[in-house]
A.B. asks: 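Sharing a structure, written as structure tokens. Questions coming.
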Amino acid sequence: ATGERAAMGQDYYAVLELGRGATDADIKKAYRKLALKNHPLKCKEPWAPEKFRQLAEAYDVLSDPMKKGIYDKFGEEGLKGGIPLEFGGENPWTVGYVFHNNPDKVFKEFFGGDNPFAEFFAEDGSELILPFGGLRGRGAMKQDPPIVRDLCLSLEDLFYGCTKKIKISRRVMNEDGQTSTIRDKILTIDVQPGWKQGTRITFEKEGDQGPNVIPADITFVVQEKLHPRFKRANDDLTYVATIPLGKALIGCTVDVRTLDGRLLNIPINDIVDPKYCKVVPGEGMPLPRDPRRKGDLLIYFNICFPKKLTPDKKMLLKSALLS
């Protein structure tokens with residue numbers, strides 16, 4: 001338990017010698033500099049392996065927008081202990097973050113290849129690369145593994161379609177073919193109406209450039225944000241209406257505000273039991289293959305029972321329901 005407590009409360013920004021306002025490019029640059037400086041192969045101090053591990057964990061968190069967002073808002077305790085989700089599903093808490101404790105994995109994924117010391121770094125952060133790729137490639141070209149990132153979209157984004165612009169920082173070879181610098185680039189994603197969770201968008205060879213390395217592909221995977229009114233089920237939308245028991249028995253009208261802002265008045269003429277579902281055709285999500293057509297809106301019901309009844313009301317119900 002003591003070890004766990006000691007691990008809690010570390011400041012990932014301080015580990016990378018950065019301030020809280022650090023950009024993605026700052027985080028990459030800091031990890032690149034400090035990981036090379038403190039790598040156990042290069043630094044023989046007894047604390048080097050632990051420092052190297054801390055740098056890897058800090059980079060693993062701060063380079064991931066979702067982990068970084070939770071850490072910035074809730075600190076390390078919220079990140080590792082889990083935080084309550086805005087809308088309680090089956091599991092109302094996020095899963096706590098656990099570092100995989102493999103700093104070499106982070107290092108290799110960052111630099112590509114197994115021997116980053118084939119590259120020497122100038123003081124200004126630009127890289128001086130040995131001719132013929134130094135010790136790394138011996139002329140063989142290999143592609144770095146793909147970089148996968150979540151693209152979090154609201155149901156409205158997926159209903160209408162939209163354009164998302166994402167800034168990436170990557171290493172780009174200079175014209176001399178010997179040095180490289182960090183440059184920003186904007187990637188544009190045209191989100192199509194009806195895209196689903198798990199849709200993958202790949203930008204080929206947009207990762208870091210380097211000698212004898214084919215840059216990695218960058219893949220974005222669509223993740224749906226939770227919505228305050230609707231849940232999505234394939235092309236359909238589900239909505240839960242809360243009604244009193246009386247209306248469940250005699251009928252009512254349910255008002256539903258759609259994703260595009262219209263107010264639907266849905267008459268319910270059937271008797272509503274707890275498993276009843278009212279299907280409203282054509283008011284769901286656009287079909288990806290034909291966005292002019294839409295799935296259905298499925299209305300489920302949360303029936304509120306009265307807390308107590310007067311003797312008169314009980315008599316009325318008895319004569320109405322049990323006679």
A.B. asks: Run M285 and D236 through side-chain contact (heavy atoms from CB on, under 4.5 Å) and show every step you take.
C.D. replies: CA-CA 6 Å; M285 293 295 286; D236 299 332; over 6 Å; no
A.B. asks: Provide the closest heavy-atom pair for S63 versus P65 in the form atom of the first, atom of the second, distance.
C.D. replies: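 Residues S63 and P65, closest heavy atoms: O-CD, 3.6 Å.
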A.B. asks: Evaluate Y31 against F107 for side-chain contact (heavy atoms from CB on, under 4.5 Å), listing each step before the verdict.
C.D. replies: CA-CA 9 Å; Y31 176 73; F107 191 76; 3.7 Å; yes
A.B. asks: Are I299 and L155 co-members of a hydrophobic cluster defined by side-chain heavy atoms under 4.5 Å apart?
C.D. replies: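 Same cluster.
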A.B. asks: Look up atom NZ in K247 and atom OG1 in T253, then write down how far apart they are to the nearest 0.5 Å.
C.D. replies: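 One gets 8.0 Å once the value is rounded to the nearest 0.5 Å.
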A.B. asks: Start with the C-alpha gap between M66 and D150, add the side-chain angles, then the distance that decides, and say whether side-chain contact (heavy atoms from CB on, under 4.5 Å) holds.
C.D. replies: CA-CA 8 Å; M66 195 166 277; D150 287 342; 4.3 Å; yes
A.B. asks: Any non-hydrogen side-chain atom of L187 less than 4.5 Å from a side-chain atom of E206?
C.D. replies: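 With C-beta onward as the side chain, the pair touches.
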A.B. asks: Are D290 and R292 ion-paired here, with the side-chain N under 4.0 Å from a carboxylate O?
C.D. replies: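 Here D290 pairs with R292 in a salt bridge, since their nearest N and O are under 4.0 Å apart.
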A.B. asks: Look up atom NZ in K308 and atom OG1 in T310, then write down how far apart they are to the nearest 0.5 Å.
C.D. replies: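 Output value for this atom pair is 10.5 Å.
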A.B. asks: Can you confirm whether Y276 sits close enough to I271 that some side-chain heavy atom of one is under 4.5 Å from a side-chain heavy atom of the other?
C.D. replies: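 No, their side chains stay 4.5 Å or more apart.
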A.B. asks: Is any side-chain heavy atom of L151 closer than 4.5 Å to a side-chain heavy atom of I201?
C.D. replies: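 When only atoms from C-beta onward are counted, I201 and L151 do touch, with a gap below 4.5 Å.
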A.B. asks: Under 4.5 Å between side-chain heavy atoms, counting indirect links through other Ile/Leu/Val/Met/Phe/Trp/Tyr residues: same cluster for L264 and I243 or not?
C.D. replies: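 Shared cluster, yes.
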A.B. asks: Assign the ring pair Y239 / F230 to parallel, tilted or perpendicular, where the plane angle (0 to 90°) is split at 30° and 60°.
C.D. replies: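 Taking F230 first and then Y239, their aromatic rings sit tilted (interplane angle of 30° to 60°).
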A.B. asks: Between D157 and K225, is there a side-chain N and carboxylate O pair less than 4.0 Å apart?
C.D. replies: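 Result for this pair is no, no salt bridge flagged.
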A.B. asks: If you round to the nearest 0.5 Å, how far is CG of D184 from OG1 of T23?
C.D. replies: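 T23 OG1 to D184 CG: 7.0 Å, rounded to 0.5 Å.
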A.B. asks: Are Y160 and L237 grouped together when hydrophobic residues (ILVMFWY) are joined by side-chain heavy atoms under 4.5 angstrom apart?
C.D. replies: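 They do share one cluster, since a chain of ILVMFWY contacts under 4.5 Å joins Y160 to L237.
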A.B. asks: Have D260 and T258 got a donor and an acceptor in their side chains that come within less than 3.5 Å?
C.D. replies: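 Present: a donor and an acceptor within the cut-off.
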A.B. asks: Quick check: do D24 and K167 have side-chain heavy atoms less than 4.5 Å from each other?
C.D. replies: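 Sidechains of K167 and D24: no contact.
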A.B. asks: Are the aromatic rings of Y12 and Y71 close, with centres under 6.0 Å apart?
C.D. replies: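 Under 6.0 Å, so yes.
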A.B. asks: Under the side-chain contact (heavy atoms from CB on, under 4.5 Å) criterion, do R183 and R170 qualify, and how do the steps go?
C.D. replies: CA-CA 6 Å; R183 298 232 171 95; R170 59 185 195 141; 5.5 Å; no
A.B. asks: Do R53 and F99 make a side-chain contact, defined as non-hydrogen atoms from C-beta onward lying under 4.5 Å apart?
C.D. replies: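 Contact flag for R53/F99 side chains = yes.
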A.B. asks: Evaluate D217 against Q143 for side chain to side chain donor-acceptor pair (under 3.5 Å), listing each step before the verdict.
C.D. replies: CA-CA 9 Å; D217 295 342; Q143 185 169 23; 3.1 Å; yes
A.B. asks: In the structure I gave you, are the side-chain heavy atoms of K37 and K42 within less than 4.5 Å of one another anywhere?
C.D. replies: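 SC-SC contact between K37 and K42 ruled out.
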A.B. asks: Salt bridge or not for K68 and D64, using N-O below 4.0 Å?
C.D. replies: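 D64 and K68: not salt-bridged.
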A.B. asks: Can you find a pair of side-chain heavy atoms, one from V222 and one from R200, that are under 4.5 Å apart?
C.D. replies: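 No, their side chains stay 4.5 Å or more apart.
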A.B. asks: State whether a side-chain donor-acceptor pair under 3.5 Å links Y13 with D26.
C.D. replies: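 No, because no side-chain N or O of Y13 sits under 3.5 Å from a partner of the opposite role on D26.
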A.B. asks: Tell me whether L153 is reachable from I189 by hopping between hydrophobic residues (I, L, V, M, F, W, Y) whose side-chain heavy atoms are closer than 4.5 Å.
C.D. replies: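 Linked, I189 and L153 end up in one cluster.
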A.B. asks: If we count only N and O atoms by modelled type, under 3.5 Å, do the side chains of N174 and S180 hold a donor and an acceptor together?
C.D. replies: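 Side-chain D/A pair, N174 to S180: absent.
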A.B. asks: If hydrophobic clusters are built from ILVMFWY residues whose side chains come within less than 4.5 Å, do Y300 and I268 share one?
C.D. replies: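 No, it is not one cluster - the side chains of Y300 and I268 are not joined through contacts under 4.5 Å.
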A.B. asks: Out of the candidates R293, R262, K278, only one should pair with E283 under the salt bridge (Lys or Arg N to Asp or Glu O under 4.0 Å) rule; please name it.
C.D. replies: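 The single option meeting the salt bridge (Lys or Arg N to Asp or Glu O under 4.0 Å) with E283 is R262.
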A.B. asks: Does some side-chain heavy atom of L158 sit less than 4.5 Å from a side-chain heavy atom of P286?
C.D. replies: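 The answer is no; the side chains never approach within 4.5 Å.
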